[in-house]
Amino acid sequence: MEGLKKEFEDEKLICKYEIKESEIKGIIKKVFFNPENDSGNYFRTLYRCLKYIMDSDLKMEDKKFYSGVLRGVLSSKEMLVVFYNCMYFEKGEKFKELLEKEENGKRIDFFGDKNDLENLSEGNDLPFFSKEDLLFSETDMQKLEELIKGN
């Protein structure tokens with residue numbers, strides 16, 4: 001992934017080009033969701049675990065705790081791949097819907113919360129993966145902000 005990011009950044013210096021979401025999807029699909037790597041099983045299992053947590057009779061505070069335990073077994077690179085799956089692919093929409101689920105105005109904040117966004121302006125990084133790891137920083141940050149703020 002480092003090589004792809006470096007190559008992409010080098011190309012970015014040569015010319016300015018506004019990339020379309022369909023192009024982003026194609027790039028991400030090629031890099032992360034190669035049919036040879038069996039990522040479908042991984043995402044289905046992760047989705048079923050989160051769905052079990054969210055469909056339980058637990059209070060939102062407990063759902064946040066258990067979703068945090070689930071998130072804790074993921075590396076920052078895995079969290080980034082889960083983010084891209086949720087934000088750019090139809091098959092990730094159900095996962096995203098679970099993340100947007102509210103109870104009494106509260107959510108599980110799987111990728112962070114409003115305080116994390118405010119901390120970015122103070123020079124801090126994102127909590128579960130680095131902002132520098134985002135391949136399409138402006139578009140990705142917009143999507144992350146929309147998810148966190150509930151737009």
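Please read all numbers here as calculations on a predicted model, not as lab measurements. In this chain, residues are counted from 1 in sequence order.
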Inter-residue atom distance L144.CG - K131.NZ, 0.5 Å rounding: 10.0 Å

Determine whether the aromatic ring centres of residues F129 and F83 are separated by less than 6.0 angstrom. yes

L126 CG to N119 CG distance, which is reported to the nearest 0.5 Å: 10.0 Å

Enter the distance from K25:NZ to M87:CE here, rounded to the nearest 0.5 Å. 12.0 Å

Residue pair F111 / D116, side-chain heavy-atom distance below 4.5 Å: no

Using a strict 4.0 Å threshold on nitrogen-to-oxygen distance, state whether K143 and E21 make a salt bridge. yes

Salt bridge check, K96 against E100: does any charged N sit closer than 4.0 Å to a carboxylate O? yes

Nearest heavy-atom neighbours spanning I148 and K114: CG2-N, 3.5 Å

Contact check, side chains of L74 and F128, non-hydrogen atoms, under 4.5 Å: no

Side chains of D140 and Y88: donor-acceptor distance under 3.5 Å anywhere? yes

Derivation and outcome, salt bridge (Lys or Arg N to Asp or Glu O under 4.0 Å), residues E61 and K106: CA-CA 9 Å; E61 182 179 304; K106 295 181 181 179; 5.8 Å; no

Any donor and acceptor pair, going by atom type alone, linking the side chain of S137 with main-chain N or O of L134 inside 3.5 Å? no

Tell me whether the count of non-hydrogen atoms from other residues, nucleotides or ligands lying under 6.0 Å of OH in Y66 goes above 12. no

What distance separates N85 CG from K91 NZ, expressed to the nearest 0.5 Å? 9.5 Å

pair E145-L120: side-chain heavy atoms closer than 4.5 Å: no

Just checking E102: does its CD atom have more than 12 heavy atoms from other residues, nucleotides or ligands closer to it than 6.0 angstrom? yes

So CD1 of I24 and OG1 of T139: to nearest 0.5 Å the spacing works out to 4.0 Å

Tell me the closest heavy-atom pair linking T45 and N41, and the distance in Å. OG1-O, 2.9 Å

Stepwise salt bridge (Lys or Arg N to Asp or Glu O under 4.0 Å) check, K101 with D55: CA-CA 10 Å; K101 202 173 190 179; D55 288 348; 3.3 Å; yes

Do D133 and K77 meet the salt-bridge criterion of a basic N to acidic O distance under 4.0 Å? yes

Salt bridge or not between R71 and D109? Use side-chain N to carboxylate O under 4.0 Å. no

Which pair of non-hydrogen atoms, one from M54 and one from L98, has the smallest distance, and what is that distance? CE-O, 3.7 Å

